[in-house]
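Step one of this worksheet: look at the structure below.
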2 protein chains.
Amino acid sequence: MLDLAILGLLGDGPLHGYEIRRRLRAQMGLAANVSFGSLYPALARLEAAADVEVVEPDDEAAPPPATGSLSGERAAMRSRRLVPGRGRRSKKVYRITDKGAAHFAALLNTTSNGDDQRSFGLRWSFARHLGPDARLALLERRRAQLVQQLGDAEGTDGLDDYARSVVEHAVEGISRDIAWLDDLIAAERAQDRRATPLEEAHGTAVPSESSPAQPGAAR
Amino acid sequence: MLDLAILGLLGDGPLHGYEIRRRLRAQMGLAANVSFGSLYPALARLEAAADVEVVEPDDEAAPPPATGSLSGERAAMRSRRLVPGRGRRSKKVYRITDKGAAHFAALLNTTSNGDDQRSFGLRWSFARHLGPDARLALLERRRAQLVQQLGDAEGTDGLDDYARSVVEHAVEGISRDIAWLDDLIAAERAQDRRATPLEEAHGTAVPSESSPAQPGAAR
DNA sequence: ATTCGCTATATCGATACGATATGATGTAAT
DNA sequence: ATTACATCATATCGTATCGATATAGCGAAT
């Protein structure tokens with residue numbers, strides 16, 4: 001789950017850990033209140049798996065040196081970083097690798113997720129990386145989940161006023177989420193129809209991104 | 001967090017694990033989607049800490065036998081439970097102890113919590129165990145958290161339509177939660193005033209919800 | 001000067017999750 | 001009647017995440 005978030009953000013350019021967290025808090029606001037205690041281990045994990053790599057200050061814009069034995073010097077630099085009295089810079093900037101990008105695509109497309117609210121919010125905010133069909137499937141899946149949650153929250157019998165207020169508020173929230181999803185679904189359908197005018201659709205009809213038009217409905 | 005939920009539910013009478021989970025799912029609906037992988041270890045934890053105890057089928061309504069050497073037989077029964085071919089009953093019913101009740105009160109009253117949505121929902125659904133002042137404090141604390149979250153979710157600049165829709169939906173949700181809290185706060189204040197008629201307060205000082213002052217800040 | 005607050009990385013122990021195994025029990029189909 | 005299946009129920013394993021805490025560089029205020 002965190003891996004997905006990190007790889008997704010890194011897809012728009014190299015970042016360091018602190019900044020990744022800042023964006024997660026600001027962008028997914030509620031959805032992701034990730035702590036350092038999970039973020040840094042996750043970055044280490046991803047680095048070990050070669051999904052991301054640390055970018056050296058000189059590289060910055062240059063693509064990976066294509067290869068070759070990375071000299072001992074380089075390795076030392078990577079681990080040493082920030083010798084107390086010298087050396088400057090304490091940031092550790094990460095860049096996504098090709099392997100990481102593939103991993104991201106895989107994670108994003110997996111149906112059957114550990115899927116609360118957060119997971120959906122995360123996936124949807126990366127929806128531009130999905131095809132129209134996958135987007136719709138994601139929305140429908142989430143909708144089904146919410147509908148089921150509504151079903152599970154049976155009667156509020158036997159609850160005192162306090163507990164009942166919690167349940168009722170929750171139910172309202174879920175209903176609201178469903179309405180929101182319905183808007184998104186309608187918007188997606190409308191867009192698909194526009195992009196694929198039935199019989200016409202000659203040839204190169206929409207690879208993927210292009211103009212998301214309006215998921216607007218949201219409001 | 002789970003301890004709080006378990007002890008709170010057990011406060012209304014003995015339950016077994018599966019039933020605890022069922023109630024958490026139904027009652028706190030969204031708030032608590034606890035898994036068995038956390039529930040059973042939590043129960044074991046609480047039992048080890050003597051916050052809960054396993055109730056034997058004959059006890060049911062009887063208070064703990066007051067003491068004395070619990071014979072080896074009893075201990076054996078407790079651990080053996082459900083010998084394949086004999087013995088009946090596979091449920092393990094837990095009852096809260098005095099120590100557990102004290103622990104619950106302590107947990108419920110701790111300010112400075114691991115406090116997402118869930119934690120607040122849980123606490124509020126047990127609000128009847130709190131004094132009026134503690135209830136108000138809980139509401140105000142939660143409100144402040146949400147206001148701050150709104151602040152953190154800065155501009156939606158640089159985000160594509162999908163990501164933006166997530167942020168906007170989240171912001172609306174938070175605003176809605178704040179308004180809800182304002183209603184609860186107003187209701188609590190009204191109730192306090194009614195219970196403590198101050199100097200004058202000639203009778204019906206208009207309780208009711210509505211008119212939550214101004215949630216202002218939002219948006 | 002030094003204290004304060006912010007950026008930044010890192011680790012530790014406790015907790016929670018998701019998958020999975022196992023068995024009992026009730027209930028419907030063959 | 002036996003089989004098959006869904007549901008109730010407890011339990012454990014590995015991994016992910018959390019919250020607290022430590023460390024340190026750095027710029028601004030006191």
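Just so we're on the same page: letters track the sequence lines, and every chain starts at 1.
Rounded to a whole Å, the CD atom of B:Glu19 is 17 Å from the P atom of D:dT7. Spacing between atom CE of B:Met1 and atom P of C:dA16 amounts to 7 Å, rounded to whole angstrom units. Between B:Glu47 atom CD and D:dA11 atom C1' there is a gap of 13 Å when expressed in whole angstrom units. Taking atom CG of A:Asp3 as the reference point, atom P of D:dT15 lies 13 Å away to the nearest angstrom. When the P atom of D:dT17 is taken as reference, atom CZ of A:Arg21 falls 15 Å away, rounded to whole Å. Distance, B:Phe36 CZ to C:dG23 P: 18 Å, rounded to whole Å. As rounded to whole Å, 12 Å separates atom P of C:dT9 from atom CD1 of A:Ile6. Rounded to an integer number of Å, the gap from CD1 of B:Ile20 to C1' of D:dT10 is 12 Å.
Side-chain N/O atoms of B:Lys91 include one lying less than 4.0 angstrom from OP1 or OP2 on D:dA9. A:Arg118 has no side-chain polar atom (N or O) that falls below the 4.0 Å cut-off from OP1 or OP2 of D:dT17. Using a 4.0 Å cut-off, no side-chain N or O of A:Ser35 falls inside it from OP1 or OP2 of D:dG19. For D:dA16, the OP1/OP2 oxygens have no side-chain nitrogen or oxygen of A:Ser38 closer than 4.0 Å. When the side-chain nitrogen and oxygen atoms of B:Tyr40 are compared with OP1 and OP2 of D:dT10, one or more of them lie within a distance under 4.0 Å.
The A:Arg45 side chain lies nearest to D:dA16 when the options are D:dA16, C:dA10, D:dT10. Side-chain proximity of A:Val34 to the nucleotides C:dA10, D:dC18, C:dA16 is greatest for D:dC18. Listed nucleotides: C:dA8, D:dA9, C:dT11. Nearest to the side chain of A:His16: C:dA8. You'll find that the side chain of B:Lys92 is closest to D:dA11, out of D:dA9, D:dA11, C:dT9.
Between the side chains of A:Arg123 and A:Thr110, a donor-acceptor pair is found at a separation under 3.5 Å. No side-chain N or O of A:Ser119 forms a donor-acceptor pair with one of A:Arg142 less than 3.5 Å apart.
When heavy atoms are screened at a 4.0 angstrom cut-off, A:Leu39 is found touching no nucleic acid atom at all. At the heavy-atom level, B:Leu43 lies nowhere under 4.0 Å from the strands shown. If you check every strand for non-hydrogen atoms under 4.0 Å, A:Gly37 touches a base.
Taking the six-membered ring where the residue is Trp, A:His169 and B:Trp180 present parallel rings, their angle staying beneath 30° rather than reaching 60°.
Put simply, the side chain of A:Leu184 reaches to within 4.5 Å of the side chain of A:Trp124, judged on heavy atoms.
Residue A:Phe104 is tested with A:Leu10, A:Asp3, A:Leu4 for a side-chain contact (heavy atoms from CB on, under 4.5 Å); the sole match is A:Leu4.
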